[in-house]
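Right, one structure below, let's go through it.
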Amino acid sequence: MVYSKPKVATLFSVVVFLALAYGVCIYSVMEFMSAKEPSTVTVILIFTTGPIALIITLKTLFGIKYLEISKEKFCLNYPFRFKKVKFSGRDISYWKVDKIKTFGGIYEELVWQTKSGQNCSISRQEHTEFDKARSYMVKKFKKLQRS
């Protein structure tokens, strides 16, 4: 059985960024409220850091997923979407490993395409047990692999 979940280090770095962004936004709002003539920089900070922090918070929360693979049955759980996606090995039309070269190294993502057209994926940088999931797919579904 393979159980993949988000890496703690990834979530920690996002939380630190969000804490800084929300801190700057709250500080700017307090500065705006207390000043008789608010500066342009304060207004710009309010209208940039607030929406950016909110969008990243929502994207992070809705992007959290847990993958469980057991006996050719796949279950993706999205806890903040209140959604579970279940499919079996027979429902997979193909799977592949996408590799993207970046400045920090190579970004790898394991992608499944079901016969109903739904895409599911996990990445090496954001999820645990990526190598186990990949080796399971090579072992059980080698015929369905695309490059």
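All residue numbers refer to positions in the sequence shown, counting from 1. Computed from a predicted structure; not experimentally measured.
A heavy-atom distance below 4.5 Å is not found between the side chains of W112 and S93. By the 4.5 Å heavy-atom criterion applied to side chains, E72 and S88 are not counted as neighbours. At least one side-chain heavy atom of Q118 sits less than 4.5 Å from a side-chain heavy atom of V85. Side-chain contact between E68 and M1 is present, with heavy atoms from C-beta onward closer than 4.5 Å. Looking at L11 and I64, their side chains come closer than 4.5 Å, going by heavy atoms from C-beta outward.
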> Given the rule in the side chain to side chain contact (heavy atoms under 4.5 Å, CB included) test, do T49 and L20 qualify, once you have shown the distances and angles that lead to the verdict?
Replying inline: CA-CA 9 Å; T49 58; L20 290 172; over 6 Å; no
>> Set out, in order, the CA-CA distance, both residues' side-chain angles and the distance that settles ring pair (Phe, Tyr, Trp, His ring centres under 6.0 Å) for F87 and F74, then state yes or no.
In response: CA-CA 5 Å; F87 56 93; F74 298 80; 5.0 Å; yes
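Side-chain contact check for T57 and T60: no donor-acceptor pair (N or O, by modelled atom type) lies under 3.5 Å.
In terms of hydrophobic clustering, with Ile, Leu, Val, Met, Phe, Trp and Tyr side chains grouped at heavy-atom distances under 4.5 Å, Y66 and I122 are assigned to different clusters. Using a 4.5 Å cut-off between side-chain heavy atoms of Ile, Leu, Val, Met, Phe, Trp and Tyr, with links allowed through other members, I26 and L45 fall into different hydrophobic clusters. In the hydrophobic clustering of ILVMFWY residues, with side-chain heavy atoms under 4.5 Å counting as a link, L54 and F62 come out together. Using a 4.5 Å cut-off between side-chain heavy atoms of Ile, Leu, Val, Met, Phe, Trp and Tyr, with links allowed through other members, L58 and I52 fall into the same hydrophobic cluster. Placement of V24 and F32 in two distinct hydrophobic clusters is found when ILVMFWY residues are connected by side-chain heavy-atom separations under 4.5 Å, directly or transitively.
A 6.0 Å sphere centred on OH of Y107 holds more than 12 heavy atoms belonging to other residues, nucleotides or ligands.
Q125 contributes no side-chain N or O that, together with a main-chain N or O of T10, makes up a donor-acceptor pair within less than 3.5 Å. At distances below 3.5 Å, not a single donor-acceptor pair connects side-chain atoms of S70 with backbone N or O atoms of K73. Checked by atom type and distance alone, the side chain of S135 pairs as donor or acceptor with a backbone atom of D131 at under 3.5 Å.
Taking every heavy atom of both residues into account, A53 and Y22 meet most closely at O-OH, 3.4 Å. Taking every heavy atom of both residues into account, G50 and C25 meet most closely at CA-SG, 3.6 Å. Listed here is the closest heavy atom pair of A133 and V2: N-CG1, 4.0 Å.
A salt bridge does not link K5 with E129: none of the charged nitrogens is closer than 4.0 Å to a carboxylate oxygen.
One distance of note links CZ of R81 with CG of L76; it measures 9.5 Å at 0.5 Å rounding. For the atom pair CZ of F12 and CZ of F17, the computed distance is 14.5 Å after rounding to the nearest 0.5 Å. Going from atom CD of E108 over to atom CZ of F130 covers 5.0 Å, rounded to the nearest 0.5 Å. From S4, atom OG reaches atom NZ of K132 across 10.5 Å, with rounding to the nearest 0.5 Å. Atoms CG and CD1, on L61 and I56 in that order, are 12.0 Å from each other to the nearest 0.5 Å. Interatomic distance, K65 NZ to Y78 OH, rounded to the nearest 0.5 Å: 4.5 Å.
By the 6.0 Å and 45° rule, R146 stacks over the aromatic ring of Y94.
The side-chain contact (heavy atoms from CB on, under 4.5 Å) test with W95 singles out one residue from L110, T114, V111, and that residue is L110.
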